[in-house]
Protein chains: 2
Amino acid sequence: MNGNSAGISSGAGPVRHAMVSCSRRPPAGRGPYCRTCLAWDQSLCRQIAGSDFDRLFPNGIRYQTREAGVALFHQGQPFDQVLIIRSGWVLTYKVFQDGQRQIIRFALPGDLIGFEGDDTSGMAYTAEALSDVTLCSFKRSLFYGVCSSSPQMAMNFAAAVTREALAAWNHVGALGQQSAMGRVANLLLDLHRRAVAQCGADGPAVRLPINQIHIADATGLTSVHVCRTLKQMKLERLLEFGKGQLVLLDPERLAEIAQLDPEVELYQPPLAVA
Amino acid sequence: MNGNSAGISSGAGPVRHAMVSCSRRPPAGRGPYCRTCLAWDQSLCRQIAGSDFDRLFPNGIRYQTREAGVALFHQGQPFDQVLIIRSGWVLTYKVFQDGQRQIIRFALPGDLIGFEGDDTSGMAYTAEALSDVTLCSFKRSLFYGVCSSSPQMAMNFAAAVTREALAAWNHVGALGQQSAMGRVANLLLDLHRRAVAQCGADGPAVRLPINQIHIADATGLTSVHVCRTLKQMKLERLLEFGKGQLVLLDPERLAEIAQLDPEVELYQPPLAVA
DNA sequence: CGAGCGTTTGACAGACCTCAATATTGGTGG
DNA sequence: CCACCAATATTGAGGTCTGTCAAACGCTCG
């Protein structure tokens, strides 16, 4: 079904984790939230839950690590957990019967995965570690229970899902109405923005743990055409992309090409619910 | 920017509201939920909130009606309310600078609109009544406040947003990887399923208040090509679509064409949170 | 009956895909 | 350090799906 995913992350080299590591500098978040390790961290849950913590999380909050390339769950198979990314990148995608895959989302620290299932029917997509990742893992029933007895948790949950919906709508717009260059511009602007928000940029370049095949599968193009498109964009001095490194040379014009509406703020930082 | 929307609903005739009216037969829902008027109805809010209702909703819950074709809010402009559809169909779409529009979602009774803004920045899309509609209207700050002090409300909210995200992901998959016929099959299967869930079907035919232009703008195709595609699908005896009426002649083969995964349940009925 | 809109059809063009070959990169082992 | 391999990136030629443009048709409504 997919030799596609084999060795997805073997190309970019070991340095690529620097960007998604929390160690560099914790960006200023508001309230008790670390923008990187985010709203679901153990300490935060303790703070929200107070003396109820042990009741709400009888087993505490478990952390897991997964190696790059490992699937977290599979499309069509049941999965009874909610995962929150603490560090690293996760890829979610749908695989179709003709073998094509559509990348739905590049998930970064703070994003939720698997919140939409019901423990018995199959998941709608596959999730896969794009780099080495650290995850918070909750039994979905536990997670829902906690949210049901803690409005702050519930609203944090709702805010996280809202961000997913907003991102998906933008994705729909790009796929439905834009040319190859517009789709690529949309994707790379989005990834750039989120990557910088995670750990800041140490110069004009940002490291992304992806290759042209990822761009192709996310934009609905072929990798051949992505290659041509990137070449064209480099010729026009819009951006440079190679070896897992992205440089935006002309963000304004890229935003025009992506047809971003200046009135609309696309990036939703994690919400702090009063 | 768009003469597009002018007269969007003038083609299908007055009968088209029959389907989306609640009057025919309230389908059996579980718990206190009417599947049609749904989880946010005044009576339900009273039930959930109990004696707190007056504190939570100091102005009660207002209902509004809007005529077909009227915009509920505009892309790029701030909007401070959350709308819940009680009856009728609502359309949400993004308009791009080249004048193209991408339909994001056909929203039916029970769906939320406008939950993702923050009262000051512009909305990411336009919402427009596709038929005459009845809406529950909440100030967003009030709505968030209510959810923050009522976990059931919050979880209902989260479940509604989750349905939106799931639908958007399917949309992304269809737009990214499927041919014209696959995209049309996906859209019409989804609309059929949801329309039937709303009011049941009185035969093999279902009324949808949309035309080929809507299908085109939702699938990222041109109306010309949608016309050809529908003609082809009719020739192959897959479905018939005309005058706002949809007949699925061969649902199994349509599901194959749409590349639906039999393991995955796409349709998420409104959640009843314990 | 005419106006306006949506649908249908045809001819043609273009963006993107497919297939195929080659170059480049990164990793591995001798 | 070099040879070798797998994976990725690049380039070219040609094909196809879908878009563009244009015209005609049908339906509904005033």
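It should be emphasised that the depicted structure is a prediction, and the values quoted were computed from it without experimental measurement. Labels below follow one simple rule: chain letters A, B, ... track the order of the sequence lines, proteins then strands, and each chain is numbered from 1.
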Let me know the distance between CD of A:Gln100 and P of C:dT18, rounded to the nearest Å. 7 Å

Between CD1 of A:Ile215 and C1' of D:dT8 the distance, given in whole Å, is 12 Å

Any carboxylate oxygen within less than 4.0 angstrom of a Lys/Arg side-chain nitrogen, looking at B:Asp111 and B:Arg194? yes

What is the distance, to the nearest angstrom, from the CD1 atom on B:Ile213 to the P atom on C:dG4? 16 Å

Rounded interatomic separation in angstrom, taking CD from A:Gln245 and P from D:dA9: 14 Å

Please give, in whole Å, the distance from C:dT7 P to B:Phe241 CZ? 7 Å

Could you work out which one of C:dG6, D:dT11, C:dG10 sits closest to the side chain of B:Val224? C:dG10

Rounded to whole Å, how long is the line connecting atom NZ of B:Lys243 with atom P of D:dC29? 12 Å

Can you give me the N/O atom pairs linking the protein to nucleotides 16-18 of chain D at distances under 3.5 Å, or say none if there are none?
| unit_1 | atom_1 | unit_2 | atom_2 | d |
| --- | --- | --- | --- | --- |
| D:dT18 | OP1 | B:Ala180 | N | 2.9 |
| D:dT18 | OP2 | B:His225 | NE2 | 3.3 |

Looking at A:Phe96, does the NZ or CZ of A:Arg101 lie under 6.0 angstrom from its six-membered ring centre and within 45 degrees of the ring axis? no

Please check this pair: side chain of B:Gln75 against backbone of B:Val95, looking for a donor-acceptor N/O pair closer than 3.5 Å. yes

Interatomic distance, A:His214 NE2 vs D:dT8 P [rounded to whole Å]: 8 Å

Hey, is the main chain of A:Ala218 close enough, under 3.5 Å, to the side chain of A:His171 for a donor-acceptor pair? yes

Residues, nucleotides or ligands: over 12 heavy atoms within 6.0 Å of B:Gln64 CD: yes

Ignoring hydrogens and angles, tell me if any N or O in the side chain of A:Ser131 forms a donor-acceptor pair with the backbone of A:Trp89 under 3.5 Å. yes

Quick one: B:Gln232 CD to C:dT9 P, roughly how many Å, whole number? 12 Å

OP1 or OP2 of D:dT11 versus the side-chain N and O atoms of A:Lys231: is any pair under 4.0 Å? yes

Parallel, tilted or perpendicular: which fits the ring planes of A:His214 and A:Phe106, with parallel below 30° and perpendicular above 60°? perpendicular

D:dA7 phosphate, OP1 or OP2: any side-chain N/O from A:Gln212 under 4.0 angstrom? no

